[in-house]
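Quick caveat: nothing in here was measured; it's all calculated off a predicted structure.
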There are 2 protein chains.
Amino acid sequence: MEKPPKVTQREIARIAGVSQATVSMVLNDREYSNVRIPEATRERVRRAIEQTTYVPDPAARRLAGLDNKILGVFTYEAALSRESLDFYGPLLHGIEQEAERLGCDLLFFTSSPVEDGTRKLFHKQTRLRLTDGCILLGQQMDSAELTRLVEEGFPFVAVGRRDEPGVPYVGIDYVTLTGDIVEQAVALGHRRITYAHYGRSTPAAADRVAGLALAAETMLVETTLLSTADSDLSEVAAVIANGTDTVVITEDVFMAEALAVELAEHGKAIPEDLSLAVLGDVEGHSLGGRGMTGFQLPREQLAAEALALLQQLIVRNDKARAKLELRTMIEGSIVAGATLAQLKESR
Amino acid sequence: MEKPPKVTQREIARIAGVSQATVSMVLNDREYSNVRIPEATRERVRRAIEQTTYVPDPAARRLAGLDNKILGVFTYEAALSRESLDFYGPLLHGIEQEAERLGCDLLFFTSSPVEDGTRKLFHKQTRLRLTDGCILLGQQMDSAELTRLVEEGFPFVAVGRRDEPGVPYVGIDYVTLTGDIVEQAVALGHRRITYAHYGRSTPAAADRVAGLALAAETMLVETTLLSTADSDLSEVAAVIANGTDTVVITEDVFMAEALAVELAEHGKAIPEDLSLAVLGDVEGHSLGGRGMTGFQLPREQLAAEALALLQQLIVRNDKARAKLELRTMIEGSIVAGATLAQLKESR
DNA sequence: CTGAAAGCGCTTACAG
DNA sequence: CTGAAAGCGCTTACAG
């Protein structure tokens, strides 16, 4: 199996009887310093290309300073495992669709070494430079890495709101959504709410807490915050079961499911004894046959918008880039569900 | 936002007070023509690299003829959509895991233009050349493309058996699995089997038919083949309902589910009136609460082995490559299930 | 209008 | 042992 020598522009030039530079110009449909290539020449070049199996070498193009039409996808943990896919699936689908539309390929940084449980974007062999720009996904983004990307002026977009200055992102407006859930609870007669959360320090987690605090102040409800980082879930359940709050809100659907089981052991049924709502996506989940009350998050749209923004960062020049809205929050919606119910009597 | 000039080996060389070539050698831990670089020099270079944000430019490495540690993933249709993920999910997971182990990144050719319903691997802008090698996934592989890859000596591996000469693959042994299903049916007293299939011309489809024919001959059973390409599913159901065959085997689980609905309308219950088995993966699927009889296919393993083989094709020299087993079939297993039952009486 | 040439950042021979 | 140089396949100025 001898490899036939790779066809290059030089070979095309030889066949067409022109210079290699001319081939490059025809291929890129570009003309420099009042150069004009006659249609006849272009045609000769095109025919020569068709005769052969020529494809431009993307490494050479990139080295010469051109776009690659390759976008990087960096996830802070494995994205394609069965469990991750529940979260990453819709995001990846949105990314794939948008990439297809833009004519870009996607480089997944699966090789990134794992340190302290999360992958590192920068390492001795990072292929980041090969891409025109990069999308960052995951809860546990590394602040130092984000800052370095900003400093280097490397085009990238984070999926999810970030606090670091200069970081472009597309995020979900958890503050508003959380307020909407509280509003619903209040409309149903509730006045005392427990929020069970993971005690994480991510921006999204902070936004939920902020949204809750804001709503509590505006609507005069009392809130109790319980973190599973401080005490385990069964303790949290015990506190709720023995307390007087009438609604329990959880950070995500998995905590809701686990907590419902614990609460059942305390004789608390949902929503008869206690209402429940989730500050996360509840699509496809139910609790004892009942649809859950929570969010419907447009994850595919989120990812697609992030990719579209990235593309703009890449193709625009510095001036046009300055006009770009680097930070976008998109709205999710509330899923009414059946786990948040009218308050029956005062306890 | 001025981009700081990219750090190159030249800059490292300047800092360390050595030549750029020396930097390259230290980085790659390589020595040519009885060259030996003293540890002291190596240390100076390493320190210079740590001082800066140097990362090697993968495009330049590739252009200079080195491996990229990038493996291409080509799917003949979108892989990350909700529906595709059912099929591609386990394969992609296996690929991701193995890539992580090998320290490789993955390039998904999402940009490939769609023609006649399937994506084209070769097009004017294919980034194939950027990868060290490529994994091919999908039912509808293009023979011409496979042949071209073989001719060009480009390293690649197909997931699924292929007929084209010289194509390396890792496939599933449908012939044996199909025989096993027939054997089970025979052991349960059945002698007449209908096989409902899509009439596809893929190697996997052909293997199922071949396995069935072989088993039928060996075990003296009569088989009827019905293709949904010739007549639609309700007609197929009618033929089965009015016939005397006691087992219906379908090509995959989706056809099984659809066919069961049609058969119910003819008053045929499964497995009381008719047994059913599937020549495809049945994990996670059931029919009216009953586990389906069919295959359990080790898709993750399949994909991982394909990637491992690809890696071998890439790193081995021509001589060592010749010793490689280019074609592997791996065994799936039978899921007993409850839809294939003992034949009650003769009809 | 076309060709010869520099340069992108590397690897790897080959002189010193 | 080290440095200067060629080459990978492109793009893009700059002479002719």
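Partners of V55(A) according to the side-chain contact (heavy atoms from CB on, under 4.5 Å) rule, which considers only residues two or more places apart in sequence or in another chain, are T126(B), R129(B). Qualifying salt bridge (charged side-chain N to carboxylate O under 4.0 Å, His left out) partners for E43(A), counting only residues two or more places apart in sequence or in other chains: R46(A), R47(A). The side-chain contact (heavy atoms from CB on, under 4.5 Å) search around A48(A) returns I12(A), I15(A), A16(A), not counting sequence neighbours. Applying the side chain to side chain donor-acceptor pair (under 3.5 Å) rule to T22(B) yields the partners S19(B); only residues at least two apart in sequence or on another chain are considered.
Picking from dG9(C), dT2(C), dT11(D) the nucleotide with the shortest atom distance to the side chain of T41(A) gives dT2(C). In this structure, the nucleotide among dC10(C), dT12(C), dC1(D) sitting nearest to the side chain of R61(B) is dC10(C). In this structure, the nucleotide among dC10(C), dG9(D), dT2(D) sitting nearest to the side chain of L63(A) is dG9(D). Distances were taken from every side-chain heavy atom of Q9(B) (C-beta onward) to each of dT11(C), dC10(D), dT12(C); the shortest belongs to dT11(C). Picking from dT11(C), dT12(D), dG9(D) the nucleotide with the shortest atom distance to the side chain of D57(A) gives dG9(D). Checked against dT2(C), dT12(C), dT11(D), the side chain of P38(A) finds its nearest nucleotide in dT2(C).
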In dot-bracket form, 5' to 3', how is DNA chain D paired? Count Watson-Crick and G-U wobble pairs only if both distances fall under 3.5 Å, and write | where the partner sits on another strand. |||.||||||||.|||
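Straight-line distance from the CZ atom of R42(A) to the P atom of dC1(C): 10 Å, rounded to whole Å. Rounded to whole Å, the distance from CZ on R10(B) to P on dT11(C) is 15 Å. Across the protein-nucleic acid pair, R129(A) atom CZ and dC8(C) atom C1' stand 14 Å apart, rounded to whole Å. Atom P of nucleotide dC8(C) and atom CG of D67(A) are separated by 18 Å, given to the nearest angstrom. Look at CG on L130(A): it is 13 Å from P on dC10(C), rounded to the nearest Å. Nucleotide dA6(D) holds its P atom 14 Å from the CD atom of Q20(B), rounded to whole Å. Rounded to whole Å, atom P of dC10(D) lies 13 Å from atom CZ of R62(B). If you measure from atom CE of M25(A) to atom C1' of dT12(D), you get 7 Å, rounded to the nearest angstrom.
One finds no side-chain N or O of S19(A) lying less than 4.0 angstrom from the OP1 or OP2 phosphate oxygen of dT2(C). Between T22(B) and dT2(D) there is no side-chain polar atom (N or O) within less than 4.0 angstrom of OP1 or OP2.
Using a 4.5 Å heavy-atom cutoff, the side chains of K69(A) and D105(A) are not in contact. E100(A) has its side chain within reach of V114(B): a pair of non-hydrogen atoms, C-beta onward, lies under 4.5 Å apart.
Here the shortest heavy-atom pairing between L63(A) and A60(B) reads CD1-CB, 3.8 Å.
Between A64(A) and V18(B), the residue anchored nearer the 5' end of DNA chain D, judged by the nucleotide with its closest heavy atom, is V18(B). Along DNA chain C, the nucleotide nearest A21(B) and the nucleotide nearest A60(B) are compared for position; the residue whose nucleotide lies closer to the 5' end is A60(B).
Counting non-hydrogen atoms of other residues, nucleotides and ligands closer than 6.0 Å to CZ of R10(B) gives a total of 12 or fewer.
In this model, a donor atom of one side chain and an acceptor atom of the other lie less than 3.5 Å apart for S143(B) and E164(B).
Sorted by residue number, the list of members of residues 43-54 of chain A with any non-hydrogen atom under 4.0 Å from DNA chain C is empty.
Here R101(A) pairs with E98(A) in a salt bridge; the nearest charged N to carboxylate O distance falls below 4.0 Å.
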